[in-house]
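Comments concern the structure below.
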Amino acid sequence: MHWPDQPNEFNPFENNNSNNGIPPFLDGLNEPQQQAVIQTDGPVMIIAGAGSGKTRVITYRIAYLLQKGVDAFQILALTFTNKAAKEMRNRIESVAGRQAKNLWMGTFHSIFARVLRQEAERIGYPSNFTIYDTEDSKSLLKTIIKEMNLDDKVYKTNMVLGRISMAKNNLLEAHHYLQKDDLIAQDTAASRPKFAEIFSEYTKRCFKAGAMDFDDILLNTYKLLNNHLDVCNKWQHKFKYIMVDEYQDTNHVQYMITKKLAAVNQNICVVGDDAQSIYAFRGANIQNILNFERDYPEVKIYKLEQNYRSTKNIVNAASSVIKNNKKQLEKEVWTANDEGDKIKLIHNSTEGEEARKVADYITEIKLREHFPNKAFAILYRTNSQSRAFEEALRRQGLDYKIYGGMSFYQRKEVKDLLSYLRLTVNPTDEEALKRVINYPGRGIGDTTINRLILLSSQHGVALWDIVKSARSFPELSTAIPKLENFALMMQSFMAMLESNNAFDVATHVAKQSGLLRLLYEDKSVEGVSRYENITELLNGIQQFTEDDESEKEKTLPNFLEEVALYTDEEKDKDQNRDTVSLMTIHASKGLEFPVVFIVGLEENLFPSQMALHSRAELEEERRLFYVAITRAEQKLFLNYATSRFKYGSLIPCEPSRFIEEIDSKFLDMSIVPKKPTFDEDFDGFGGGNFGGGYSGNRGGGNYGNRQGGNRGNNSGDKSNAGGYIQRNSMGNGKKPGDSDKPTKPSTLLQPKRPTSAPLPPADPNFVEGDLSELKVGDRVQHQRFGTGTVQSLEGNFQTGKAVVLFDHVGEKTLVLKFAKMRIL
DNA sequence: TACTAAGCTCTTTTT
DNA sequence: GAGCTTAGTA
């Protein structure tokens with residue numbers, strides 16, 4: 001048990017005497033690790049099993065290079081996530097000290113965005129180019145699809161963006177795509193013949209807006225290196241040593257970029273594990289790791305197979321799952337650690353019970369073993385699963401922290417201010433302009449905006465160019481003075497950029513745009529929190545401005561770049577809190593916890609329903625599961641609920657096939673399934689006739705669709721308005737082990753989506769009462785939900801909320817101002 | 001043009 | 001549940 005003590009890092013500079021080629025500071029490493037560290041020249045591939053000290057090896061390798069006298073700024077270390085980059089930087093700093101600051105270390109996106117800023121002009125971009133996040137990209141696509149008069153049911157933004165992304169990750173640009181008859185034919189066959197045109201228009205619009213999306217950062221880097229020999233040469237010589245972490249997760253562009261950069265010095269070291277490749281959905285190509293040998297015939301390969309992290313039981317159980325995958329590199333992960341406890345398998349009836357059970361175990365283990373909260377992690381497949389656990393932890397008084405999910409920078413109000421700032425830095429940024437031009441309201445409505453967009457495409461200039469010379473376009477009529485005012489304001493912001501730091505500009509913009517005042521005046525609960533978020537953003541900018549550590553200039557453009565690419569960067573003011581960690585399995589990569597709960601192990605949820613279509617996708621899910629299992633240092637709990645409540649309907653689930661794939665000798669089945677209890681968890685409202693439903697669906701909608709089956713018509717289906725639930729037999733009776741082929745989700749059996757609305761019908765004769773005197777404990781009647789008791793109140797009638805426990809419908813939070821209720 | 005309520009759709013994972 | 005659209009009203 002290693003908690004909370006941390007392994008001591010050795011200082012390589014304390015003792016430089018080496019014996020038999022291995023410097024003493026590497027004494028703490030095992031032999032393959034040492035070999036991998038000192039083999040600094042030429043191509044190297046390190047196959048590192050889960051928990052085999054991979055980060056340690058990279059850290060020491062870089063420290064070793066520095067010790068040998070290589071300049072920090074000649075070393076390029078690429079990671080996949082910001083979390084990994086940050087972790088590595090910290091560890092290298094603790095070994096190598098201040099020099100580490102000069103390393104080129106970060107995610108592919110952040111490093112190459114930095115390169116592109118320097119070289120932007122070469123590819124026709126301004127150096128202050130904007131980085132579009134997914135939301136911006138989708139919004140732009142939506143606009144384009146609308147403009148082209150295409151059916152947005154056929155051309156779904158998600159699908160289109162996904163395909164564009166896939167194309168770009170494979171170096172297929174829009175103009176190539178337009179010329180590929182076979183691809184167009186394919187699209188036509190799939191009844192989306194206009195895809196290539198959308199792609200092309202999207203590319204043009206981004207370029208015109210001086211904007212790159214995430215994929216463009218990589219694509220443009222590749223184009224830059226490929227088309228400009230001198231530039232390529234410069235960077236090739238600059239980076240004498242290149243290291244790529246999580247190589248199995250690189251996609252084709254990333255592969256091509258690293259190959260290009262390493263072409264001169266050939267000092268490239270990639271570290272990865274095919275068994276942990278979990279990003280295929282975004283184009284990761286496991287072939288990259290499998291092909292490394294072919295690309296570099298003289299490659300030296302080191303295998304790290306000893307797991308230091310987990311117990312024998314955990315390592316072996318994980319291997320028993322992953323061995324079901326067909327495609328893998330030969331490798332035997334083993335550990336010298338103790339046998340350890342068996343993996344506890346816990347069956348629950350419902351989501352709520354599952355969450356409570358986890359919270360109970362945490363409390364119990366804390367008491368027994370004196371673990372802090374931060375020894376525990378709860379891992380799930382999708383972010384939306386966190387809710388039940390939050391609630392259960394809160395009830396037990398366990399402090400927790402959710403990683404991922406909606407980031408601070410994606411919140412509406414934060415994005416609003418950021419959009420002003422983006423527009424200030426890059427006025428051609430179309431998405432930013434559309435977002436802020438009428439917020440706060442300036443009387444520039446949809447009609448005007450549509451005219452602006454039309455004009456901008458007619459004249460082939462940016463939206464902003466039309467706005468700033470609104471006067472020359474009489475068709476803008478009454479909007480002209482409003483547009484001029486807006487343009488003037490923006491120009492005054494732009495004028496500040498030259499001589500002011502990020503914080504000063506941002507504060508000025510927040511005030512002068514009227515954004516701050518608008519939020520300040522909104523005294524509702526949400527309004528206050530929005531105001532606080534803006535203040536917090538400004539604080540963040542101030543911190544950035546005052547941060548002496550970073551070498552970067554404290555300008556607004558630099559701040560915006562950080563925000564665009566470091567979205568998961570924690571706002572670390574409460575870093576020292578002792579919290580239970582909640583996160584997706586993807587986010588947990590590279591972390592370890594003494595006690596891990598893997599929850600929601602239900603068929604169609606994990607493995608995800610969407611992963612069941614092909615063998616490859618199922619294999620990826622299996623790798624994900626493998627990653628999750630080996631996350632645990634000592635204890636592991638697998639949790640599943642076989643039915644979930646969503647919107648009043650009971651969704652029967654089956655335990656995940658992965659549970660079946662674990663060799664049962666590693667499992668502790670002693671925690672017997674409890675009898676189902678359906679009464680306590682119900683927090684939705686009824687409205688469905690649950691008996692009917694569609695059989696064969698097997699809970700196809702774990703994500704909580706309103707699949708209450710054939711619900712009653714809207715005019716008062718009183719018989720089951722309370723939503724009392726009977727177990728029904730929606731399942732198809734198939735057991736996970738029944739077939740060795742992926743069970744296809746039974747889409748064929750699925751009737752068309754019910755088009756029903758979820759709300760129980762409102763009583764047309766209902767008369768609203770005065771709620772100004774509402775107190776906790778009052779009995780109330782609601783026009784939809786029937787009678788209930790007030791559990792808690794916050795705020796006043798204008799701004800407040802009430803939590804009411806309805807007799808038949810369960811607990812609901814209601815905004816008082818809009819609550820159609822009367823006190824009984 | 002602005003605002004609200006009701007209705008409908010979507011929901012894997014990340015940069 | 002959230003986000004978005006639509007319809008209706010001010």
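Chain naming here is simple, since letters A, B, ... match the order of the sequence lines and numbering starts at 1 in each.
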Nearest to the side chain of A:H109, heavy atoms from C-beta on, is which of B:dT1, B:dT13, B:dT15?
B:dT15

Are OP1 or OP2 of B:dT14 and a side-chain N or O of A:T584 less than 4.0 angstrom apart?
yes

With centres under 5.5 Å and planes under 30°, do A:F281 and B:dT13 count as stacked?
yes

Are the side chains of A:N169 and A:N285 in contact, using a 4.5 Å heavy-atom criterion?
no

Please report, rounded to the nearest Å, how far the P atom of B:dT14 is from the CG atom of A:N82.
12 Å

Base, sugar-phosphate or nothing for A:T134? Non-hydrogen atoms, less than 4.0 Å.
base

Of the options B:dT11, B:dT15, C:dT5, whose atoms approach the side-chain atoms of A:T107 most closely?
B:dT15

From CE of A:M212 across to C1' of B:dT15 the rounded distance in Å is 15 Å

Within the 4.0 Å heavy-atom criterion, would you say A:F80 contacts the bases, only the backbone, or no part of the nucleic acid?
sugar-phosphate

Comparing A:S110 with A:G441, nearest DNA chain B nucleotide closer to 5' gives the residue A:G441

Exactly one of A:L219, A:V115, A:I257 should register a side-chain contact (heavy atoms from CB on, under 4.5 Å) with A:L224. Which one does?
A:V115

Tell me: CG of A:L218 to P of B:dT14, nearest whole Å?
17 Å

Without decimals, in angstroms, what is the distance between A:R622 CZ and B:dT13 C1'?
18 Å

Without decimals, in angstroms, what is the distance between A:K168 NZ and B:dT15 C1'?
13 Å

Salt bridge (Lys or Arg N to Asp or Glu O under 4.0 Å) contacts in which one or both residues fall within residues 154-165 of chain A, not counting sequence neighbours:
A:R163-A:D187

Within less than 4.0 Å of OP1 or OP2 of B:dC10, is there a side-chain N or O belonging to A:S384?
no

Quick one: which of C:dC4, B:dT13, B:dT15 gets closest to the side chain of A:T382?
B:dT13

Rounded interatomic separation in angstrom, taking CZ from A:R442 and P from B:dA2:
11 Å

When we call it a touch if two heavy atoms are under 4.0 Å apart, what does A:T79 touch: a base, just sugar-phosphate, or nothing?
nothing

Find the distance A:I585:CD1 to B:dT13:C1' and express it as a whole number of Å.
10 Å

For A:K156, answer base if it contacts any base atom (sugar-phosphate contacts may also be present), sugar-phosphate if it contacts only those atoms, and nothing otherwise; contact means non-hydrogen atoms under 4.0 Å.
sugar-phosphate

Proximity to the side chain of A:F214 - top-ranked nucleotide from B:dT15, B:dT1, B:dT14
B:dT15

Scan A:N169 against the nucleic acid and name what it touches under 4.0 Å (heavy atoms): base, sugar-phosphate only, or nothing.
nothing

Does a side-chain heavy-atom distance below 4.5 Å link A:F597 with A:F389?
no

Can you find a side chain N or O atom of A:N383 that sits less than 4.0 Å from OP1 or OP2 on B:dT11?
no

Do the side chains of A:R623 and A:I322 get nearer than 4.5 Å, heavy atoms only?
yes

When the distance from CG of A:N220 to P of B:dT15 is rounded to whole Å, what number comes out?
20 Å

Is it true that A:E390 and A:K401 have a side-chain N and a carboxylate O under 4.0 angstrom from each other?
no

Of A:N158 and A:A587, the one whose nearest nucleotide on DNA chain B sits closer to the 5' end is A:N158

